[in-house]
Amino acid sequence: MDWGEKETPSANVDSGSPAVSDVTPVSLPDVEGGTKSPANSVTELSRKVDVDRDDWRSEQLASRAMDQLSKLQGALQGPTFDEQGVVDQVVAGGGKCAALCPEGLTLTCRDSAITVRRMPTETEAKQPVRGASEPIGLQFRRLYEALGAPGERHAKFKLFRIEPLPEQRFATRVRYEASCNSSKFRRQQTAVWQVIWNENDASAIGPLIESIRVLDYEECESQVTGSVIFREATVAALGANVNFTRQIMTGIRQWQFQLTREFMGQFGHNGLAVGDVNNDGLEDLYVCDSGGLPNRLYIHQADGTARDESAERGVDFLDDSTGILIVDLDNDGDQDLVIAADPAIQFAENDGRGYFQLRTSMTALTDSMSLSAVDYDRDGYLDIYVCGYNVRKQDPASRGLPFPFPYHDANNGGRNILLRNDGHWQFSAVTDLVGLGENNSRFSMAAAWEDFDNDGDQDLYVANDFGRDNLYENDGGRFRDLASQLGVDDHGAGMSVSWADYNRDGVMDIYVGNMFSAAGNRVTYQARFETMQKDGGVASLRHMARGNTLFAGVTQQGRQSFRDVTEVAAVEMGRWAWSSVFTDFNNDGWADIMVANGFVTNEYKDDL
C-alpha cells in the first residue's frame with residue numbers, strides 16, 4: 001500500500017592522492033521476491049492511486065470522508081458561513097456534539113506577541129470540559145465565528161486514523177487547523193476530533209457526520225500590531241541580484257529540461273550557511289545549488305541587502321552541492337568553506353578578506369547529504385563529519401538509489417565519514433579507527449554534536465532516514481553507539497536533529513525531525529496490515545509515520561538516559577519535516593522549536 005497522500009502527488013585520503021573509498025558497494029536482494037522490472041512495479045503502483053481500483057476498504061472510506069471534509073473546509077474559508085448548506089451536505093440528521101471550541105481552556109503561554117490556550121488533559125482537568133451537546137451545524141458556525149472578524153481565512157483537515165464499525169458506520173481521527181488573518185489580529189485553531197460517520201442515509205452525497213468528540217484543542221492569537229510576527233524578506237534582501245530571479249526563483253523543474261540528470265540533483269537537497277566571511281561584522285549567506293547551476297555567495301551590505309559576489313570571490317562551484325560549512329579550519333581568525341559537492345568534499349581557504357582558494361578536494365563512494373564540524377579529539381583543530389546517504393556506483397553516470405532494506409530498519413545505505421583535521425590543510429578519514437564505523441550504513445541525513453554526558457568531549461547524534469538513529473558517546477576520542485541502550489534509536493524517517501535543555505533541568509534533550517504521514521497512520525493501524533508484516537516491523541512502521549520525536553534527557557542514580565516525551569509535549573506534528581531546530585524566539589529563556597516542512601505538489605494530484 002502506497003503511503004502517498006491523495007492531496008499531495010512523495011578512507012584515508014589526502015590532497016595529492018587518488019580517492020580511497022570509505023565504503024564498500026553492496027548488492028541487494030530482490031525485495032519483491034521476483035524479477036519484476038522497476039517500470040512494471042511503478043505501473044502497478046500507479047494503478048493503486050485510485051482508491052476505488054485498490055482493495056483497501058479503509059482507504060476507500062477515508063477518501064469519501066475527505067471529500068466531505070473538503071466541503072466543510074470550503075465553508076470555513078468563506079467570507080460568510082452557510083450553516084444550512086453544510087448541514088445538508090455533511091451532517092447526518094439529528095447529529096449533535098459538544099462544543100468544538102471548548103470552554104475552560106488553560107492559559108499555557110502569554111507574552112507581548114502570542115497568547116496560547118489549550119484544552120486541559122484528563123489528568124489536568126478537575127472537571128470535564130464544559131459545553132452542552134448541540135446540533136453539529138450550530139457548532140460548526142460557532143467554530144467559524146470563534147476565529148474572529150472577517151479576514152483572510154484558511155482551513156485544513158488531515159484524516160490520519162480510520163476504523164470500520166458495524167452497520168455501515170466508521171470512525172476517524174481528524175486533525176483540524178484553521179486561521180484568520182485580519183489587519184488587527186491573527187487567530188489560529190488546532191484540534192483533533194474523533195468523527196463517527198454513517199453511510200446508511202448518505203445516498204449519493206457521501207458519508208455523513210453522526211457525531212464529533214474533541215480529543216485536543218488549542219487556540220493561538222497574535223497580539224502584534226499588523227498581526228504578523230515574521231515577514232518574508234527574501235526578495236527585499238536578494239531580489240536586486242539578477243541571478244536571484246533567473247536561477248533561484250526559476251525552480252528545479254525548469255532547469256531539468258536544460259541540464260542532464262547525470263550531474264544535477266532533482267530533489268532540492270542543497271545546503272546553505274550563514275557566516276561573516278569578510279570580517280566586516282555582518283553575516284553573509286552561502287547558498288548551494290544543483291549540479292550545473294553555480295553556488296552563490298551573498299555578501300551582506302550595510303543597508304540590509306545582500307550582493308552576489310560568488311564569481312569574484314572564487315566560490316561559484318558548479319557541482320551538485322548538498323552541504324556547506326562556514327568555519328575556521330586553519331585557526332587564522334577568518335572563516336573558510338567546506339562544501340559537500342558531488343562527488344567530492346571541497347575545502348576552500350579564506351585569505352582574510354573573503355576571497356577563497358580551493359586547497360584540497362576529497363572523494364568517497366558515498367553520496368554526502370550534510371556536514372557538521374567539531375573538535376572531536378580536542379587537538380585545537382575543527383574536524384568534519386560527513387553524512388552519507390546511499391552507496392555511490394563506480395560509474396558516476398549510473399546513480400541508482402538502493403532500496404532501503406528492510407524499509408523500517410535499513411542497513412544498506414552509504415557510510416558516514418569522519419575527516420580528522422591534521423593541520424596545514426591535510427585531512428585523514430578516521431571513521432573506523434575511532435569507532436564510528438559501528439552501525440554506519442543507514443541512509444544518514446543529518447548529525448549534531450553535544451557533550452550530553454558532561455565529560456568534556458563532544459558526542460554525536462545521527463538522524464537516519466530509513467535505519468535507526470545513532471547516538472555515539474565520545475570517550476576521549478573513541479566512540480560507541482549507545483542509541484539502543486539509552487533509548488534513542490528512533491525509527492522515524494530522520495531528516496534533522498537539534499540539541500537543547502528545553503525543560504531547563506540541567507540535562508540536554510534531543511529533538512529529531514522526521515516525516516508525518518496521514519496515510520501511513522491510517523494503513524499501519526489496520527488489522528490487515530499487521531497480517532502482511534511477517535518481520536514484526538508494524539510498531540516501527542507506525543513510528544515512522546507518527547512524525548517528529550522529542551527525547552527528554554534524564555539522570556537517575558547518576559546514569560544518563562532518555563525518555564520519549566513527544567506526545568506529552570505535543571510536538572510530533574511537524575508535517576513532512578525536513579529540518580528542525582531549537583531556538584528561543586521570544587527571548588524568555590525557554591527553547592522553542594522551529595520546523596521547516598513541505599513537499600512539491602505536482603500539477604496532477606495523483607501523479608507519482
Side-chain angles (χ1 to χ4, degrees), residues 11-23 271 273-280 284 286 288 295 297 309-310 312-319 321-366 368 370-388 415-437 447 449 451 456-460 472 474 476-479:
N12 284 330
V13 292
D14 58 54
S15 57
S17 304
V20 179
S21 171
D22 197 46
V23 298
V274 172
D276 182 6
V277 301
N278 57 353
N279 289 319
D280 64 353
D284 309 304
Y286 191 95
C288 297
N295 295 345
L297 175 59
E309 299 184 10
S310 316
E312 51 263 53
R313 293 182 182 270
V315 292
D316 55 339
F317 303 111
L318 292 172
D319 312 271
S321 303
T322 55
I324 170 70
L325 294 176
I326 301 178
V327 291
D328 186 1
L329 290 172
D330 52 4
N331 295 335
D332 64 352
D334 53 38
Q335 302 296 298
D336 309 302
L337 300 183
V338 188
I339 306 168
D342 184 11
I345 309 299
Q346 298 179 344
F347 298 83
E349 181 183 12
N350 191 334
D351 69 351
R353 300 177 298 118
Y355 294 84
F356 294 87
Q357 177 185 2
L358 188 63
R359 293 300 303 266
T360 188
S361 180
M362 308 180 190
T363 62
L365 292 182
T366 183
S368 55
S370 65
L371 305 171
S372 58
V374 70
D375 182 9
Y376 84 93
D377 54 1
R378 296 191 290 182
D379 66 350
Y381 287 96
L382 284 176
D383 312 296
I384 305 300
Y385 188 76
V386 183
C387 282
R415 286 173 55 84
N416 303 339
I417 304 170
L418 178 64
L419 297 174
R420 185 184 64 207
N421 187 342
D422 298 325
H424 306 289
W425 297 96
Q426 298 296 311
F427 297 85
S428 299
V430 296
T431 315
D432 293 328
L433 181 65
V434 301
L436 287 173
W449 297 85
D451 182 12
D457 47 31
Q458 294 293 305
D459 310 297
L460 175 66
Y472 295 103
N474 186 349
R478 292 285 303 177
F479 294 88

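In this text, all values refer to a predicted model and were calculated from it rather than measured experimentally.
Annotation: side chain to side chain contact (heavy atoms under 4.5 Å, CB included) contacts of E309 (sequence neighbours excluded): I299, Q301, R307, E312, R313. D276 is linked by a side chain to side chain contact (heavy atoms under 4.5 Å, CB included) to N278, D280, E283, D284, counting only residues two or more places apart in sequence or in another chain. Judged as a side chain to side chain contact (heavy atoms under 4.5 Å, CB included), and not counting sequence neighbours, the contacts of D351 are R353, Y355. By the side-chain hydrogen bond (donor to acceptor under 3.5 Å, both in side chains) test, T322 pairs with no residue at all, sequence neighbours left out. Applying the ring pair (Phe, Tyr, Trp, His ring centres under 6.0 Å) criterion to Y472, with sequence neighbours excluded, gives no partner residue. With sequence neighbours left out, the side chain to side chain contact (heavy atoms under 4.5 Å, CB included) criterion links F356 to V277, L297, V315, L337, A348, N350.
Between the side chains of Y381 and N331, no donor-acceptor pair is found at a separation under 3.5 Å.
Taken from CG in N295 to CD1 in I324, the straight-line distance is 7.5 Å, to the nearest 0.5 Å. The CG atom of D332 lies 6.5 Å from the CD atom of E349; values are rounded to the nearest 0.5 Å. One distance of note links CG of D383 with CG of D377; it measures 5.0 Å at 0.5 Å rounding. If you take CE on M362 and CD1 on I417, they are separated by 10.5 Å, rounding to the nearest 0.5 Å. To the nearest 0.5 Å, atoms CG (L460) and OG (S372) are separated by 6.5 Å. Taking CG of L436 as the start and CZ of F479 as the end, the distance is 5.0 Å to the nearest 0.5 Å.
Residues R420 and D422 have side chains in contact (heavy-atom distance under 4.5 Å, counting atoms from C-beta outward).
Of all heavy-atom pairs spanning D319 and Q346, the tightest one is OD2-NE2, 3.3 Å. Here the closest heavy-atom approach between residue G380 and residue D375 is recorded as N-OD2, 2.9 Å. In this structure, D432 and G437 approach most closely via the heavy-atom pair OD1-CA, 3.2 Å. For Q335 against I326, the heavy-atom pair with the smallest separation is OE1-O, 3.2 Å.
No donor-acceptor pair under 3.5 Å is formed between the side chain of D334 and the backbone N or O of N279. For the pair N421 (side chain) and L329 (backbone), a donor-acceptor distance under 3.5 Å is present. Between the S321 side chain and the A341 main chain, no donor and acceptor come within less than 3.5 Å of each other. A side-chain donor-acceptor contact under 3.5 Å links R378 to the backbone of G456. Between the side chain of N416 and the backbone N or O of G388, at least one donor-acceptor pair lies under 3.5 Å.
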Original post:
Between Y376 and N474, does a side chain to side chain contact (heavy atoms under 4.5 Å, CB included) hold up when you go through it step by step?
Top reply: CA-CA 8 Å; Y376 84 93; N474 186 349; 4.2 Å; yes
Intermediate values then yes/no, side chain to side chain contact (heavy atoms under 4.5 Å, CB included), V338 and F427:
CA-CA 12 Å; V338 188; F427 297 85; over 6 Å; no
